[in-house]
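The sequence lines fix the lettering, A, B, ..., with proteins before strands; numbering per chain opens at 1. Being a predicted model, the structure only gives us computed values, none of them experimental.
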2 protein chains.
Amino acid sequence: MSQDIPVTGYAILGLLTFGDELTGYEIKQRADMTLRFYWVSPAMSQVYTELRRLTDLGLVAADARTEGSREVTSYAITAAGQAALRGWMDGTPAGFPVLKHTVLLRLLIAHATEPAHTRQMLHDYLGELDRAIDDLAQVRESLRGADRPGEAFRFPSLVADWGLDYFAAETQHAKRALAGLDETGPEGTVPPA
Amino acid sequence: MSQDIPVTGYAILGLLTFGDELTGYEIKQRADMTLRFYWVSPAMSQVYTELRRLTDLGLVAADARTEGSREVTSYAITAAGQAALRGWMDGTPAGFPVLKHTVLLRLLIAHATEPAHTRQMLHDYLGELDRAIDDLAQVRESLRGADRPGEAFRFPSLVADWGLDYFAAETQHAKRALAGLDETGPEGTVPPA
DNA sequence: CTGTGCATGTAAGGAGTTACATGATTGC
DNA sequence: GCAATCATGTAACTCCTTACATGCACAG
């Protein structure tokens, strides 16, 4: 059946189940909007590589047309693609999420540098979290109107809400860590608020 | 300065800042205990590869001895290693965490399969979360006694607590998603509890 | 007429994985 | 005696990234 497609391949296949025919460029944009929060933001070159593979396997159909004077290729999922996607979703265990959290990694060994640097890092992280929340909130808003049970964007909404909650929690954690950093050892005093 | 070491290299360097001389095997064990939750669980082969690189760069010192009749090599961080680690922590932006969350990815496109499968997946995830929480809670317990400000395991404790909260939140999210799945469309009725 | 966005690719390389291979030590 | 754990590595391969390369369309 499924000839060993990387997860990103299935993710692209998944993006194509929402109805539209998409170009590689558009797939990259959609991935940057939503997929990046809980999977990856694949490089353009990988999107094309993956589309090539999926086309060769017959899981997507390439629709090459000429627009003005340039070649544009859109892709649509095929019946075989739908079947492969289902086979993957039903047949392979989901597995535990992998978190590559450089902030936490650095916090773990924060004793190896000065507190000021760690504080700076957490501040920066808070800023990036704000931006991520703004971005994701906008995506979430765009799903309104079709986000109720049975509607087209039911699951994307569920996932977006999950993500928003996650980022909110991260913000809290970062703030708590920041507060914890300001506490000094048993002999020290708590610095003024 | 730092000759392009992968993050995992710095992670290993970080593990060696907690005092002990460790063998590759032991480093792998420690990584599996703690690092895996917010970075990765590197394969054994990669641990050795990385230790080789760090040794070549003079960032760790290999201490090869013969124990009984077999060769055992332990590694300790050198002064140069400490400097390189600090340079990395202070000099490179931490960057936003990357989450590879197959459960969320699958939930996003859950319309492509039957609700029963999605429910099953979320159940499985809840089980794995329980196990992860147990494991991490045990690690957290082992840090007690040296987890206050200024003490050796201050930061690891902070990070472990962060992780435990994260897993608790994930459990809540998964349960909420499960509850959301049981709601049917506007025309349907809410199934009995 | 220049920069930004749209659109598509190739090539090189790195990080990390699985599979394979080997052997000592310890506990049952 | 056998399995699990300790301990160390090599080889092949894959996913994915960065850098490079090209060219149209459109707005200011």
Sugar-phosphate, base or nothing in reach of A:Thr66, heavy atoms under 4.0 Å: nothing
Whole angstrom value for the distance that separates P of D:dG9 from CE of B:Met44: 10 Å
Candidate pair B:Arg53 and B:Asp4, rule salt bridge (charged side-chain N to carboxylate O under 4.0 Å, His left out), full reasoning: CA-CA 11 Å; B:Arg53 179 191 341 233; B:Asp4 233 31; over 6 Å; no
Sugar-phosphate only, base, or nothing, as touched by A:Thr49 at under 4.0 Å among non-hydrogen atoms: nothing
Salt bridge flag under 4.0 Å for residues B:Glu151 and B:Arg154: no
For atom CZ of B:Arg70 and atom C1' of C:dT25, their distance in whole Å: 5 Å
Residue B:Ala43, side-chain atoms from C-beta onward, closest of D:dT17, D:dC16, C:dT18: C:dT18
Spatial distance of atom NZ (A:Lys100) from atom CG (B:Leu99) [nearest 0.5 Å]: 12.0 Å
Among D:dT17, C:dG16, C:dT8, the nucleotide that comes nearest once only the side chain of B:Thr8 is considered: C:dG16
Distance below 4.0 Å between B:Arg53 side-chain N/O and C:dA15 OP1 or OP2: yes
Residue pair B:Asp124, B:Gln120: steps toward the side-chain hydrogen bond (donor to acceptor under 3.5 Å, both in side chains) verdict: CA-CA 6 Å; B:Asp124 292 349; B:Gln120 184 60 53; 3.0 Å; yes
Nucleotide D:dT10, atom P - distance to CD of B:Glu50 in whole Å: 14 Å
Proximity to the side chain of A:Gln46 - top-ranked nucleotide from C:dT8, D:dC16, C:dA15: D:dC16
Touch class at under 4.0 angstrom, heavy-atom based, for B:Ser74 against every strand present: nothing
Value in whole Å for how far the P atom of C:dT18 lies from OH of B:Tyr48: 16 Å
Spacing of A:Glu26 atom CD relative to C:dG5 atom C1', expressed in whole Å: 13 Å
Test applied, ring-ring contact (aromatic ring centres under 6.0 Å, His included); reference residue, A:Phe167; option that passes from A:Tyr38, A:Tyr125, A:Trp162, A:Phe37: A:Phe37
Value in whole Å for how far the C1' atom of D:dG9 lies from CD1 of B:Ile27: 15 Å
B:Ser69 side chain, from C-beta outward: closest of C:dA24, D:dC16, C:dT8: C:dA24
Residue A:Tyr25, side-chain heavy atoms: nucleotide from C:dA7, D:dA7, D:dC16 that is nearest: C:dA7
Selected nucleotide, minimal atom distance to A:Gln29 side chain, candidates C:dA11, C:dC6, C:dT8: C:dC6
Length of the line joining A:Glu67:CD and D:dC24:C1', which is rounded to integer Å: 11 Å
Nearest to side-chain heavy atoms of A:Ser45, which nucleotide of C:dA15, D:dT17, D:dA7: D:dT17
A:Lys28 NZ to D:dT18 C1', straight-line distance once rounded to whole Å: 12 Å
